[in-house]
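To start, I am sharing the structure in question, which I have written as structure tokens.
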Amino acid sequence: MRLQFLGASHTVTGSCYLAETGSKKFLIDCGMFQGNRQMREKNYEPFMFTPSEIDFVLLTHAHIDHCGLLPRLCAQGFKGKVYATKATCDLVQIMLPDSAHIQESDAEIMNRKGQRTGCVPVEPLYTIEQAQEALQHFVSVPHSEKIDLGEGVSAIFEDAGHILGSAIIELFVEEAGKEPIKIVFSGDLGQYEQPIIKDPTPIKDADYLLVESTYGNRRHEEYDKETELADIINDTCDRGGKLIIPAFAVGRTQKMLYYIYRLWKNKRIEGIPVIIDSPLAIAATRVFAANVQEYDEETLALLEKNGTLPQMPQLKVCETPQQSRALNEQEGPAIILSASGMCDAGRILHHLKHNLWRPEATVLFVGYQAEGCLGRRLLDGIKRVKIMGEEVAVRARIAQMDGFSAHADYVQILQWLDAIQMTGARQVFLVHGEPLAIKALGERIRGKYGYETYAPFYGDVAQLEKESCRIIAADLPQVSVEKEMEEALSVFDSEYRQLRKKMRNAALRDPRTMESILRQGEKGMRYMKRLFKDFGIN
């Protein structure tokens, strides 16, 4: 069998693997690349295969970095089926059209700006119509049952514990004249004992293993999350302000609702209004309510006890933009969950614009904030931000809580690996992670289990046999390291000169601004030291 790595290779997005047997050609995931501009541009590159030749797709879960290019795949000729769990099929019904809406909106904005400068109009990555067409290819499969995909290929979908419907995929391949092999795709593994959804299913055996490594070098902090959340809510209420929680629509919003419900039910917080202000989060919450088969035993017991899903009479949803805007006029304390989680777009910007300047308000971050996004800048202590063209002073309390991640840390990844008895080639491929996380997890796996590990690069190919694995490096253009360093130094020199020019500006000699610049400089130095260490430079 031939396996090619076409995404989530030394990065955490764009999950896609092309599998070829003697008679079948299929994909595991077909995700969108997310992040900086260079990463996003990969979404527009031609596929490294012919879409019409793909027989089927196996989808681990509904996050856009795993399914986001399926509309493009279908638009370019794919005619097969996309196999996924029922909950994943339900979630993509809202996720893919929402993604398409963003693609169309982004293209419209670019074309409006480009029209004034004479730029050639751009097409959206895909349209809402194409997303709707892609949804017709989905087929729901049950958990823990082997499905026959034809000509010696079969698969089992098991719980991954990441988000609702997320799956570990056990792939079985029997080719004529060769020993059968089993490849396990971890997908995105979730944390153990998180609320609502089940823990990752232990897998008994495998010849080959693809393991995510997002938190391969980190451990989630263990502490009483409910008590800290209660303290933050009560403190904000005592000051008469609103608690604004930027939260990802699928998974994070529902998890926060679960904790808020428990605090209210146990009388640890007052019955203040709790508002979901994100159309995607509202739709996703309804999908959660319709898929009780995905719940863990604790949640099912609560459901059986109540006879229905737990209800908070103070819970409200904002379906329309008018309802969302009305929240800005609402007096008194409230908890508002809104998207996007990193504050880059969406309705959350309106709530930040109307509350950041209020000393009585609190903004609570419960998810990862990427470098450069508004959420990260607020956490770094910036005192003034520009939101929707208006400068806003930051006087609200800025708080952060760890431990709500939907990804397993390295201890939990190893806990999952403990159950697997690897046979045959005993080869582990480390995917879906940044270089430092991959390196750390690889060292732990080799040290604890003695397995071979390899972190594939984009385009790498692995020829998989029962007892041996041959890796063929991607035939990609070679890049001159010296040229890249020269270009990087040129950028540093340019930015240094721009910074000197800003520093000379008397308006920037404000102590708070200088303090912010110094903090950014120290952070840059730490980054450079880490970069040198990663490449063995002292």
Side-chain angles (χ1 to χ4, degrees), residues 3-19 26-35 39-40 42-43 47 54 56-74 78 81-100 102-103 125-126 131 134-135 137-141 155 157-171 183-190 197 200 210-215 248-252 280 284 287 294 341 368 405-408 429-434 456 458:
L3 185 67
Q4 188 171 23
F5 301 88
L6 299 177
S9 303
H10 285 81
T11 184
V12 296
T13 65
S15 179
C16 185
Y17 313 104
L18 172 64
F26 56 96
L27 299 179
I28 297 88
D29 287 348
C30 188
M32 185 182 292
F33 290 92
Q34 298 170 312
M39 189 68 70
R40 295 195 305 273
K42 292 184 71 65
N43 295 315
F47 288 113
I54 301 300
F56 56 85
V57 178
L58 305 178
L59 180 61
T60 59
H61 65 283
H63 274 154
I64 290 299
D65 63 323
H66 289 255
C67 72
L69 288 187
L70 283 171
R72 190 164 181 260
L73 183 77
C74 295
F78 171 69
K81 296 177 179 178
V82 180
Y83 296 96
T85 65
K86 177 186 178 300
T88 295
C89 289
D90 289 349
L91 283 172
V92 294
Q93 295 285 329
I94 59 174
M95 297 287 284
L96 290 180
D98 181 77
S99 175
I102 293 171
Q103 308 309 316
L125 186 61
Y126 50 83
L135 295 174
H137 293 255
F138 277 79
V139 175
S140 173
V141 298
F157 286 67
E158 299 284 9
D159 290 299
H162 175 59
I163 64 168
L164 195 78
S166 60
I168 298 160
I169 297 177
E170 298 178 88
L171 180 67
I183 308 103
V184 174
F185 298 81
S186 75
D188 286 359
L189 289 173
I197 61 177
L210 277 74
V211 179
E212 77 131 313
S213 50
T214 308
Y215 283 87
F248 298 106
V250 179
R252 197 65 48 85
L280 185 59
V287 172
E294 299 283 342
Y368 180 75
S405 173
H407 287 270
F429 295 102
L430 300 171
V431 296
H432 207 285
E434 301 291 349
Y458 183 83

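Quick note: residue numbers are just sequence positions, from 1. Predicted model, so just to flag it, every value in this text is computed and none were measured. Computed from heavy atoms alone, side chains included, the values below leave out hydrogens, waters and symmetry copies.
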Next on the checklist: Check whether H66 reaches the backbone of G31 with its side chain - one donor and one acceptor, N or O, closer than 3.5 Å.
Outcome noted: no
Item to check | Side-chain touch V250/L164, heavy atoms, less than 4.5 angstrom | outcome: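 A side-chain contact is absent here, since even the closest heavy-atom pair is not under 4.5 Å.
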Item to check | Inter-residue atom distance I169.CD1 - Y17.OH, 0.5 Å rounding | outcome: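 Separation between the atoms: 10.5 Å.
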Checklist entry - Could you go step by step and tell me if V211 and V431 meet the side-chain contact (heavy atoms from CB on, under 4.5 Å) rule? => result CA-CA 6 Å; V211 179; V431 296; 6.0 Å; no
Item to check | Closest non-hydrogen atom pair, G433 against S213 | outcome: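 Smallest heavy-atom distance, with atoms named: CA-OG, 3.6 Å.
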Item to check | Donor-acceptor pair, side chain of T60 and main chain of A167, under 3.5 angstrom | outcome: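 The answer is no, because no donor-acceptor pair under 3.5 Å joins these two groups.
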Checklist entry - With no hydrogens and no angle check, is any side-chain donor or acceptor of N43 less than 3.5 Å from a backbone partner on R40? => result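 Answer holds: yes.
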Checklist entry - Which heavy-atom pair separates P97 from V92 by the least distance, and what is that distance? => result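 Closest approach of P97 to V92: CD-O, 3.5 Å.
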Checklist entry - CD1 of I64 to CG of L69: how many Å apart, nearest 0.5 Å? => result 9.0 Å
Item to check | Which residues share a side-chain hydrogen bond (donor to acceptor under 3.5 Å, both in side chains) with S166, sequence neighbours left out | outcome: none
Checklist entry - Atom CZ of R252 and atom OG of S405: how far apart are they, to the nearest 0.5 Å? => result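 So the gap between those two atoms works out to 6.0 Å.
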Item to check | Residue pair C89, Q93: steps toward the side-chain contact (heavy atoms from CB on, under 4.5 Å) verdict | outcome: CA-CA 7 Å; C89 289; Q93 295 285 329; 5.7 Å; no
Using a 3.5 Å cut-off and no angle test, enumerate the donor-acceptor pairs between side-chain atoms of residues 4-12 and protein atoms at least two apart in sequence or in another chain.
unit_1: Q4; atom_1: NE2; unit_2: G459; atom_2: O; d: 3.2
unit_1: S9; atom_1: OG; unit_2: G7; atom_2: O; d: 3.1
unit_1: H10; atom_1: ND1; unit_2: P456; atom_2: O; d: 3.1

Checklist entry - Less than 4.5 Å apart, any side-chain heavy atom of H432 and any of D65? => result yes
Checklist entry - Going by heavy atoms in the side chains, are C67 and V57 under 4.5 Å from each other? => result no
Checklist entry - For D90, what residues pass the salt bridge (charged side-chain N to carboxylate O under 4.0 Å, His left out) criterion, not counting sequence neighbours? => result K86
Checklist entry - Can you check whether T85 reaches H61 side chain to side chain, under 4.5 Å on heavy atoms? => result no
Checklist entry - Any sub-3.5 Å donor-acceptor pair from E212's side-chain atoms to L189's backbone N or O? => result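 It does hold such a pair.
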Next on the checklist: Donor-acceptor pair, distance only, cut-off 3.5 Å: does the side chain of T88 make one with the backbone of G165?
Outcome noted: yes
Item to check | Contact summary for A100 and A131, nearest pair of heavy atoms | outcome: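 What the structure gives for the nearest pair is CB-CB, 3.8 Å.
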Checklist entry - When rounded to the nearest 0.5 angstrom, what distance separates NE2 in H63 from CG in D188? => result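 Interatomic distance, H63 NE2 to D188 CG, rounded to 0.5 Å: 8.0 Å.
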Item to check | Side-chain donor or acceptor of Y126 paired with backbone N/O of L73 under 3.5 Å | outcome: no
Item to check | Heavy-atom closest contact (P71 atom, A134 atom, distance) | outcome: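 Nearest heavy atoms, P71 then A134: CA-CB, 3.8 Å.
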Checklist entry - NZ/K81 to CG/L58 distance, rounded to the nearest 0.5 angstrom? => result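 K81 NZ to L58 CG: 12.5 Å, rounded to 0.5 Å.
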Next on the checklist: Measuring only between side-chain heavy atoms, which start at C-beta, is L3 closer than 4.5 Å to L18?
Outcome noted: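 No, too far: nothing below the 4.5 Å cut-off.
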Checklist entry - Would L125 and M32 count as a side-chain contact (heavy atoms from CB on, under 4.5 Å) if you check the C-alpha gap in whole Å, the side-chain angles of each, and the deciding distance to 0.1 Å? => result CA-CA 10 Å; L125 186 61; M32 185 182 292; 3.8 Å; yes
Item to check | ring-ring contact (aromatic ring centres under 6.0 Å, His included) partner of F56, chosen from F138, F26, F78 | outcome: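 Option passing the ring-ring contact (aromatic ring centres under 6.0 Å, His included) with F56: F26.
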Checklist entry - Angle class for the Y215/H407 ring planes (parallel below 30°, perpendicular above 60°, tilted otherwise)? => result tilted
Checklist entry - If you look at every heavy atom in L280 and I94, which pair is closest and at what distance? => result CD1-O, 3.8 Å
Item to check | Spatial distance of atom CZ (F33) from atom OG1 (T13) [nearest 0.5 Å] | outcome: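 The distance works out to 6.0 Å.
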Item to check | Side-chain (S186) to main-chain (L210) donor-acceptor, under 3.5 angstrom | outcome: yes
